[in-house]
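Presented below is the structure to which this report refers.
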Amino acid sequence: MGVLLPVLTLWTYSLAALLFGALAFSRLRGDATGVTATVLVVALGATALWALAIAGIGATDVATRIAEALRNLALLALCATCWRRARGVMPGATLGTPLGATLGLIYGVAALLVLIALGLSLVQSGTPAPAMRQVLMDGRQAVAMLIAVTALVLVRDLHAAGRMADGGMATRSVVAVLTILWGSDLVCYALVYATDGWGPVVVLMRGWAAIVAAAAFAIASGKRGDHALLVSRGITLRLLAGLALAAFAAIVVAATSIVAVVGGSQVRLIQTGIVFGATASLMTLVSTPWLRAWTRVTIEKHLFRMRYDYRTEWQRFTDTLGRPDKGAAPLETRIITAIADLTGSPAGMLLVVDTDGLEAVADWAWDDGAGDYGPRDDGARDDGVRPSGGDDAALVRHLAGTGRIIELDRLRSGAGDDVSGDAAAVPAWMLDDRRIWAIVPLLHVGALVGAILLARPPFQRTLDWEDFDLLRLAGRQAASYLAEDRAHAALADARRFDEFNRRFAFILHDIKNLVSQLSLVARNAERHADNPDFRADMIATLKDSSDRMNALLARLSQHGPARTEAVQPVDIARLIEQVAAGRRALHPIATSVDDLPLVLADPARLEQAIGHLVQNAVEASTAGSPVRVTATRAGDHVAIEVVDRGCGMTATFVRDELFRPFASSKPSGFGIGAYEARQLVQAMGGSMSVTSREGEGTCFRILLPLADAMERAA
């Protein structure tokens, strides 16, 4: 312990010197000018020099006494300057009043006492006689106590003048640092006078008082406005936590040091008990949720102008909602968590508007985090779900109309008149469940989307205007996320229905083509039923139609977007002949296919696309006018042409209407065939074009890549 105290003293005063030096430097760099600003920089710098002297030289050296005298004179000058400034802004104040003269005399006496103490220190350092040195030391300590008492009287008057003049945080920060420094001087010099010497514990106590004074000045200055020392809320809380732990350690060290003096033979056992008991107490206090919540609320209430650090809170809120980690909870749960974290609530529940009122759709830690806070009335439910038959319609109308955040404890206690109508709107089941602390509405574009039920925090408090403003804004933001999520879900449903309708339209077009084929077969059967070749073609046509109907039913039953098979080498001559054979019983089909290599295509989809074009050509042609289907090589592609000599199409129709769904030049047409054929060809990596003249006919041309050309390119 004897080795630890000097080390702690060194680090303590070094930290104090660093803090006061940083404060002086920050004020020096600021744009504040005038006598008060200059004196403040000098006082902070002198205090830093005094702390540095103790850290580097010691508490009893004559150089340290000189630094202390300079510090006291600078602090007195700061106190006087602030007092004159406060008196100068008071209505009707005059600096030359008798009260001002009296205080001026006290300031003079205090400065004289500082000089007397410095003179006694200098004489003591040059006196060889031990008895005389002791007398001078006792006299100096008595004068130091007088200095502290006189200075505290002056600080008290400065505080009063600042309150009367509404001096704000500028005066309060100076009062705080002067009170702590001179108050610690009075206590420490009294202990030194009583114990006949500067003990290491007393020196350490004075160092920690200097650190606390610097921290108090920094925090108080951080609330002054544009010229404030900007210290973030997080850094402030961590600094206070560190100071609290350091003070705790100092108290433990002081207690063990005192025991070392008076403990006798059991000193080691008593010191062990003190350390063990203090550590156990600290762990118990830190792990208590109520104490943590109370400490946070108290610090935010007394040290900060605003309860919330809005930048940090909003960043955390939006990150929780908009940037979920992989495997994170659903959006509904994240909304509850984000809003509950604002008030420190341990649990919450999300209710959404339905036809009957409000329906619980998600909760966060409701059973675990909301079950131990406050007794509930008999009959209250534990599952947090609205009881059957609960009437929430009045609450929905009330929240939608007012957007109010309702604090249920106020309604339960009946405090004040309910001018807003909250009591009449809140259903009985919410009032009976005493876990519910507040109701936060979720409003989006003036409509109520839902509401959040918050469980009471570990340290119970009433909501204030800051809570209401922040929760109202957070509720609107959460409602927009919830509405966007619902819109995405509705859009996905609409896309699925659109895909189904699109697929059904294509299939209906194919069914119409099959019906046309079967109708022609039925009509021709009356004239050619005795022809064996016709019967063979009819059977082939019926079998092909049956297979195509089964394929259509399979396509209609698919879930999700329509799928295509992977492209593969296809014998185009064989495929064209297969398409033509299925329709020759209905209309003359002429084919002409060169000796071609394989093409890359989806065989089922390519057959469907060519079938659409052939069917359109058949319907556009007169009876007996053949439809020609040809395939020729065109560089690295194969060109497939379907040509008819029918009525043709105008250039305007080809340009504007042909490839639009549901646009057709035929009275009974669906306008799907050409559109679907081009979609199928493009999906396989090909292209399709059309040439048509009104009254002369039409030529559809499909280009598909050769399989060996694609292999060479790869």
Side-chain angles (χ1 to χ4, degrees), residues 308-371 383-386 390 392 395-396 399-400 403-406 430 433 435-457 463 467-499 559-561:
Y308 297 101
D309 184 350
Y310 292 98
R311 174 179 173 273
T312 302
E313 293 292 346
W314 203 246
Q315 283 182 334
R316 182 199 54 76
F317 182 83
T318 54
D319 285 348
T320 303
L321 291 183
R323 290 169 42 186
D325 297 331
K326 184 177 181 181
L331 176 64
E332 291 82 0
T333 305
R334 299 201 310 271
I335 288 175
I336 302 170
T337 306
I339 293 182
D341 285 345
L342 295 176
T343 58
S345 296
M349 180 181 299
L350 173 62
L351 309 177
V352 298
V353 178
D354 63 0
T355 55
D356 297 330
L358 293 171
E359 178 186 2
V361 296
D363 67 85
W364 170 66
W366 190 257
D367 293 334
D368 298 332
D383 55 8
V385 181
R386 174 170 58 91
D392 302 332
L395 179 61
V396 172
L399 294 179
R404 286 178 53 82
I405 297 167
I406 302 177
M430 291 187 183
D433 193 341
R435 295 173 296 181
I436 305 176
W437 178 53
I439 304 173
V440 181
L442 306 181
L443 294 171
H444 180 65
V445 197
L448 183 69
V449 177
I452 299 289
L453 303 183
L454 295 178
R456 68 182 69 255
L463 296 173
D467 297 311
F468 289 137
D469 286 348
L470 182 59
L471 289 176
R472 187 177 296 110
L473 184 61
R476 291 177 181 173
Q477 185 73 6
S480 67
Y481 276 86
L482 193 59
E484 182 182 3
D485 183 69
R486 289 183 173 182
H488 286 168
L491 181 60
D493 292 340
R495 286 175 177 172
R496 284 191 289 269
F497 275 107
D498 181 68
E499 174 63 25
H559 298 286

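Heavy-atom basis, side chains included; hydrogens, waters and symmetry copies ignored.
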Passing candidate, side chain to side chain contact (heavy atoms under 4.5 Å, CB included) with L482, options I335, L321, V361
I335
What closest approach, in Å, do A483 and H444 show between heavy atoms, and which atom pair accounts for it?
CB-CD2, 3.5 Å
Below 4.5 Å, heavy atoms only, C-beta onward: do W366 and I336 meet side chain to side chain?
no
Minimum heavy-atom separation for A478 to I339, with atom names?
CB-CD1, 4.1 Å
Contact check, side chains of I439 and L453, non-hydrogen atoms, under 4.5 Å:
yes
Which atom of S345 lies closest to which atom of A455, heavy atoms considered:
OG-O, 2.9 Å
CH2/W437 to CD1/I406 distance, rounded to the nearest 0.5 angstrom?
14.0 Å
Counting C-beta onward and ignoring hydrogens, is there a side-chain heavy-atom pair between V449 and R486 closer than 4.5 Å?
yes
Above 12 or not: heavy atoms from other molecules or residues under 6.0 Å from CZ of R472?
yes
So, for A479 and L443, which heavy atoms are closest and what is the spacing to 0.1 Å?
CB-O, 3.3 Å
Validation row: P441, L448 side chains within 4.5 angstrom (heavy atoms):
yes
Quick one: does I436's side chain get under 4.5 Å of M349's, heavy atoms only?
no
Scanning both residues in full, the closest heavy-atom pair of P457 with T343 reads CB-O, 3.9 Å
Evaluate the side-chain proximity of I452 to L471: yes if any heavy-atom separation is below 4.5 Å, no if none is.
no
For a 4.5 angstrom cut-off between non-hydrogen side-chain atoms, does L351 reach M430?
yes
Spell out, as yes or no, whether a donor-acceptor pair under 3.5 Å connects the side chain of R334 to the backbone of T320.
yes
Heavy atoms only: give me the nearest A365-A347 pair and the separation to one decimal.
O-CB, 3.1 Å
Between D467 and I405, is there a side-chain heavy-atom distance shorter than 4.5 Å?
no
